[in-house]
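First the structure, in the form of structure tokens, and then the observations on it.
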Amino acid sequence: MTANKKSLTIKKGDTVRVLTGKDRGVEGKVIAVLPETDRVIVEGVNRIKRHQKALQPGTTSSIITKEAPIHVSNVALLVEVDGEKVTTRIGFRRDEVTKKRPDGTSYSAHRSVRIAKRTGEEI
């Protein structure tokens with residue numbers, strides 16, 4: 001039995017702005033995407049504290065601060081327009097490309113690219 005893989009429009013490495021919650025307005029880079037739960041982990045956003053137990057003798061326990069996942073609907077992609085960062089939605093465009101086979105012949109195919117709805121440019 002094969003499970004269908006979900007896909008999110010926000011990808012690892014994108015710069016996003018948080019739209020809601022206690023970190024509203026904060027910008028950060030996406031460091032992980034969790035498509036099975038529709039969540040992303042953004043650098044410096046939704047930080048939580050966890051207690052780390054001393055695992056080996058001679059080491060000390062500590063409190064670790066790390067980022068927790070937030071829902072993908074609470075972030076928006078940032079693009080640069082006229083020198084300032086603005087939020088945008090994400091669309092897709094199919095471009096026709098020419099590919100080559102190993103025997104040297106070429107053929108026409110389509111490639112899907114992400115575009116910023118606000119500017120129409122490829123992300």
Side-chain angles (χ1 to χ4, degrees):
M1 184 177 203
T2 55
N4 293 336
K5 264 185 115 176
K6 288 176 79 174
S7 177
L8 299 178
T9 54
I10 302 289
K11 304 291 180 197
K12 181 178 176 180
D14 287 346
T15 304
V16 295
R17 180 179 293 153
V18 178
L19 301 176
T20 60
K22 65 179 182 181
D23 293 319
R24 180 175 164 184
V26 177
E27 298 172 5
K29 187 175 173 184
V30 176
I31 54 177
V33 178
L34 310 170
E36 59 276 353
T37 57
D38 290 339
R39 294 182 179 272
V40 293
I41 299 176
V42 182
E43 191 174 46
V45 175
N46 197 20
R47 298 179 62 82
I48 58 170
K49 293 189 178 212
R50 289 287 176 250
H51 295 268
Q52 180 71 37
K53 189 176 185 180
L55 298 175
Q56 297 175 351
T59 60
T60 59
S61 58
S62 61
I63 298 174
I64 297 175
T65 303
K66 64 180 185 175
E67 291 89 0
I70 58 174
H71 200 269
V72 72
S73 66
N74 294 334
V75 297
L77 183 72
L78 287 176
V79 293
E80 197 161 319
V81 177
D82 298 329
E84 67 179 71
K85 293 181 180 179
V86 294
T87 59
T88 184
R89 292 177 316 213
I90 301 169
F92 291 90
R93 181 179 66 216
R94 304 272 294 168
D95 290 343
E96 192 167 328
V97 294
T98 303
K99 293 187 173 185
K100 291 193 179 229
R101 293 187 179 102
D103 63 1
T105 59
S106 61
Y107 64 99
S108 178
H110 286 84
R111 181 174 78 97
S112 182
V113 293
R114 291 191 311 157
I115 60 167
K117 290 263 191 167
R118 184 166 287 201
T119 62
E121 296 175 0
E122 185 176 334
I123 301 170

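One is the number of the first residue; the rest follow in order along the sequence.
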Next on the checklist: Test of understanding: clusters of I, L, V, M, F, W, Y form through side-chain heavy atoms closer than 4.5 Å, transitively. Do Ile41 and Leu19 belong to the same one?
Outcome noted: no

Item to check | Test salt bridge (charged side-chain N to carboxylate O under 4.0 Å, His left out) applied to Arg39 - qualifying residues, sequence neighbours left out | outcome: none

Item to check | Inter-residue atom distance Lys85.NZ - Glu80.CD, 0.5 Å rounding | outcome: 7.0 Å

Next on the checklist: Tell me whether Val42 shares a hydrophobic cluster with Leu8, the cluster being built from Ile, Leu, Val, Met, Phe, Trp, Tyr side chains joined at under 4.5 Å.
Outcome noted: yes

Checklist entry - Which of these passes side chain to side chain contact (heavy atoms under 4.5 Å, CB included) with Val75: Val16, Thr20, Val45, Val30? => result Val16

Next on the checklist: Applying side-chain contact (heavy atoms from CB on, under 4.5 Å) to Val40 and Ile70, what does each step give before you reach the verdict?
Outcome noted: CA-CA 6 Å; Val40 293; Ile70 58 174; 4.2 Å; yes

Checklist outcome for this item: One should read off an interatomic distance between Lys53 NZ and Leu55 CG, to the nearest 0.5 angstrom, of 8.0 Å

Checklist outcome for this item: On a heavy-atom basis, the closest approach of Val79 and Ala116 is CG1-CB, 3.9 Å

Checklist entry - For Arg118, what residues pass the salt bridge (charged side-chain N to carboxylate O under 4.0 Å, His left out) criterion, not counting sequence neighbours? => result none

Item to check | Side-chain donor/acceptor of Asp23 to backbone N/O of Asn46, under 3.5 Å | outcome: yes

Checklist entry - Do other residues, nucleotides or ligands put more than 12 heavy atoms under 6.0 Å from the CZ atom of Arg50? => result no

Checklist entry - Rounded to the nearest 0.5 Å, how far apart are CD of Gln52 and OG of Ser61? => result 9.0 Å

Checklist outcome for this item: Apart from Ile115 itself, members of its ILVMFWY cluster (side-chain separation under 4.5 Å) are Val113

Item to check | Approximate separation, where rounding is to 0.5 Å, of Glu122 CD and Phe92 CZ | outcome: 11.5 Å

Checklist entry - Should the heavy atoms of other residues, nucleotides or ligands under 6.0 Å from NZ of Lys11 be counted, would the total exceed 12? => result yes

Next on the checklist: Is the shortest side-chain heavy-atom distance between Ile48 and Thr65 below 4.5 Å?
Outcome noted: no

Checklist entry - Between Leu34 and Val72, is a side-chain contact (heavy atoms from CB on, under 4.5 Å) present by the stated rule, with each step listed? => result CA-CA 9 Å; Leu34 310 170; Val72 72; over 6 Å; no

Checklist outcome for this item: For Gly91 and Lys117 the tightest heavy-atom approach is CA-CE, 3.8 Å

Item to check | Rounded distance (nearest 0.5 Å) linking atom NZ of Lys49 with atom CD1 of Ile63 | outcome: 6.0 Å

Item to check | Any Glu121 side-chain heavy atom under 4.5 Å of Thr88 side chain | outcome: no

Checklist entry - More than 12 foreign heavy atoms under 6.0 Å from CG of Asp82: is that the case here? => result no

Checklist entry - Are there more than 12 heavy atoms of other residues, nucleotides or ligands under 6.0 Å from atom NZ of Lys99? => result no

Checklist entry - Got a second to check how far Thr15's OG1 is from Glu27's CD, nearest 0.5 Å? => result 8.0 Å

Checklist entry - Does a sphere of radius 6.0 Å around CZ in Arg93 hold more than 12 heavy atoms from other residues, nucleotides or ligands, not counting ones at 6.0 Å or beyond? => result yes

Checklist entry - Is there side-chain contact between Ser108 and Thr98, with heavy atoms separated by less than 4.5 Å? => result no

Next on the checklist: If hydrophobic clusters are built from ILVMFWY residues whose side chains come within less than 4.5 Å, do Ile10 and Leu78 share one?
Outcome noted: no

Item to check | Arg47 with Glu67: basic N within carboxylate O range, under 4.0 Å | outcome: yes

Next on the checklist: Between Thr87 and Leu77, is the side-chain contact (heavy atoms from CB on, under 4.5 Å) condition met? List the steps.
Outcome noted: CA-CA 5 Å; Thr87 59; Leu77 183 72; over 6 Å; no

Checklist outcome for this item: On a heavy-atom basis, the closest approach of Arg114 and Thr9 is NH1-O, 2.5 Å

